[in-house]
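Read through the structure below, which is laid out as structure tokens, and then see the notes.
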Protein chains: 2
Amino acid sequence: MNISDAATQTGLPAKTIRYYEEVGLVTPTRNTNGYRVFGEAELHKLTFLARARALGFSIEDCRTLLALYEDQSRASSDVKRIARTHLDEIEAKIADLIAMRDTLSHLVQACAGDDRPDCPILKGIETTSVSKA
Amino acid sequence: MNISDAATQTGLPAKTIRYYEEVGLVTPTRNTNGYRVFGEAELHKLTFLARARALGFSIEDCRTLLALYEDQSRASSDVKRIARTHLDEIEAKIADLIAMRDTLSHLVQACAGDDRPDCPILKGIETTSVSKA
DNA sequence: CTTGATCTTCCAGTCACTGGAACCTCTATC
DNA sequence: GATAGAGGTTCCAGTGACTGGAAGATCAAG
């Protein structure tokens, strides 16, 4: 299986797959012509990576998760710790974004949005701070 | 006022202030010794930038907002359009993160997190996809 | 044999900083 | 005047995770 088929199968761009090889996440074999060949195992890994990335795990987290995924004697606590940490980061980001959204949506609502120069948004940016929870 | 005072006043790192000058957002004058000098106006701009960045506006958005902020004949609709677009992006990010969080928190809850290798998180990454709203 | 699609590598750019090196300037103390 | 330390300057490189594009090899079809 060539790279474009692997891309189609996994939903990842070919460029991204090459990048994953570059950083050592996958190691497809090579044909005599130099083309990458993706077998079952590599395809499986790529799918795993695509899903883990979609869940927001960093490349380094993915590297660790992939190692645990392949290690039949892993402890599930190792996986859970990584996931929990990541979950906390996601929660923190959500909280940040919600604070931003709340502040900004108030400002947007207060702005007439017409031809006049008077603008509560600009005034708000001048004076309002985003209050983190 | 030197850069470290400006940094203290605005809450921005000195490095960041230098960067803002590099990209043309502020233009402090210079002392005979080459040190940057920040007056009222530049300090005001830096504060505005710090707040706008805290609201998640990009540097390019900040550039536009700053121009509008300084333009006494601006139309508030120009500002509102930028803010609304940004607000939509924030909403989209929140939705993405919430989808991630929901998927991931289910997996974390399902995982025993002990010494055994059986791990619903890894299984979940294998099979679950993040469902966007 | 030619065309066009697909593959390869390599380099540069993205965004908004951040770290660090090398060097200059100011202020205070001896 | 020498010196130490704090603070300023520039410039270069790195971050994360790709992404775009150039230049060139290879393949499949007609």
Side-chain angles (χ1 to χ4, degrees), chain A residues 1-38 42 45-46 48-66 82 85-86 89-90 93 96-97 100 130, chain B residues 1-39 42 45-46 48-66 85-86 89-90 93 96-97 100 130:
Chain A
M1 180 180 279
N2 282 348
I3 197 165
S4 64
D5 297 315
T8 307
Q9 292 276 326
T10 60
L12 293 168
K15 275 266 179 188
T16 300
I17 296 175
R18 288 195 194 99
Y19 172 73
Y20 287 170
E21 184 190 17
E22 196 190 316
V23 299
L25 289 175
V26 288
T27 47
T29 51
R30 296 292 180 128
N31 230 325
T32 43
N33 59 12
Y35 286 20
R36 287 167 183 81
V37 180
F38 295 86
E42 297 305 307
K45 281 208 236 175
L46 285 174
F48 184 91
L49 285 169
R51 300 250 171 79
R53 291 286 302 131
L55 284 170
F57 285 102
S58 72
I59 289 290
E60 287 316 304
D61 277 349
C62 285
R63 193 189 305 282
T64 309
L65 288 173
L66 208 49
I82 294 168
T85 301
H86 179 49
E89 288 164 7
I90 291 175
K93 270 187 207 163
D96 277 3
L97 286 172
M100 277 186 206
V130 181
Chain B
M1 180 180 277
N2 282 348
I3 198 164
S4 64
D5 296 316
T8 307
Q9 292 277 325
T10 60
L12 292 168
K15 276 266 181 190
T16 300
I17 297 176
R18 289 195 193 99
Y19 172 73
Y20 287 170
E21 185 189 16
E22 196 190 317
V23 299
L25 289 175
V26 289
T27 46
T29 52
R30 296 293 179 127
N31 231 325
T32 43
N33 60 13
Y35 285 20
R36 288 169 182 82
V37 180
F38 295 85
E42 296 306 306
K45 281 208 237 175
L46 285 174
F48 184 91
L49 285 168
R51 299 248 171 80
R53 291 286 302 131
L55 285 169
F57 286 102
S58 73
I59 289 292
E60 286 316 303
D61 277 350
C62 286
R63 193 189 303 283
T64 308
L65 289 173
L66 208 48
T85 301
H86 180 46
E89 288 165 6
I90 292 175
K93 270 188 207 162
D96 276 4
L97 286 172
M100 278 186 205
V130 181

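First the proteins, then the strands, lettered A, B, ... as listed; each starts at 1. The figures here come from the full heavy-atom set of this structure, side chains too, leaving out hydrogens, waters and symmetry mates.
- B/T16 has a side-chain polar atom (N or O) that falls below the 4.0 Å cut-off from OP1 or OP2 of C/dT18.
- A donor-acceptor pair under 3.5 Å links the side-chain atoms of B/H86 to the main chain of B/L55, judged by distance alone.
- For the atom pair NZ (A/K93) and CG (B/D96), the distance works out to 11.0 Å, reported to the nearest 0.5 Å.
- For the pair B/T32 and B/S58, nearest-nucleotide mapping onto DNA chain C gives the more 5' position to B/S58.
- Remark: the backbone N or O of B/Y35 is paired with a side-chain donor or acceptor of B/N33 at under 3.5 angstrom.
- Counting only heavy atoms from C-beta outward, the side chains of A/Y20 and A/I59 approach each other to under 4.5 Å.
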Exercise for the section: Carefully, step by step, assess B/R18 and B/R36 under the rule side-chain contact (heavy atoms from CB on, under 4.5 Å). Expected result: CA-CA 9 Å; B/R18 289 195 193 99; B/R36 288 169 182 82; 3.6 Å; yes
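- In this structure, CG of B/L49 is placed 17 Å from P of C/dC15, rounded to the nearest angstrom.
- Heavy atoms of B/Y20 sit under 4.0 angstrom from primed sugar atoms or phosphate atoms, though from no base atom.
- The distance from atom CG of A/L55 to atom P of D/dA17 is 14 Å, rounded to the nearest whole Å.
- Between A/E60 and A/R63 there is a salt bridge, since a side-chain N of the basic residue sits under 4.0 Å from a carboxylate O of the acidic one.
- Closest approach of B/L46 to B/V26, counting heavy atoms only: CD2-CG1, 3.7 Å.
- For the pair A/I82/A/F57, a side-chain contact is recorded, criterion being any heavy-atom separation below 4.5 Å from C-beta on.
- Between the C1' atom of C/dC15 and the NZ atom of B/K93 lies a distance of 11 Å, rounded to the nearest Å.
- Looking only at side-chain heavy atoms (C-beta outward), A/L49 and A/T16 stay at 4.5 Å or farther from each other.
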Practice task
Sugar-phosphate atoms are those with a prime plus P, OP1 and OP2; base atoms are the rest. Using that split, label each nucleotide of nucleotides 4-11 of chain C B, S or - for protein heavy atoms under 4.0 Å, 5' to 3'.
Solution key: --BSBBB-
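- Between the CG atom of B/L25 and the C1' atom of C/dC15 there is a distance of 13 Å, rounded to whole Å.
- Rounded to 10 degrees, the angle separating the terminal axes of the helix from C/dC1-D/dG30 to C/dC30-D/dG1 is 30°, with each axis obtained from five end pairs.
- Atom CG of A/N31 and atom P of D/dA28 are 10 Å apart (whole Å).
- Following rounding to the nearest Å, A/E22 (CD) and C/dA12 (C1') show an atom-to-atom distance of 13 Å.
- B/I17 places its CD1 atom 15 Å from the C1' atom of D/dT9, with the value rounded to the nearest Å.
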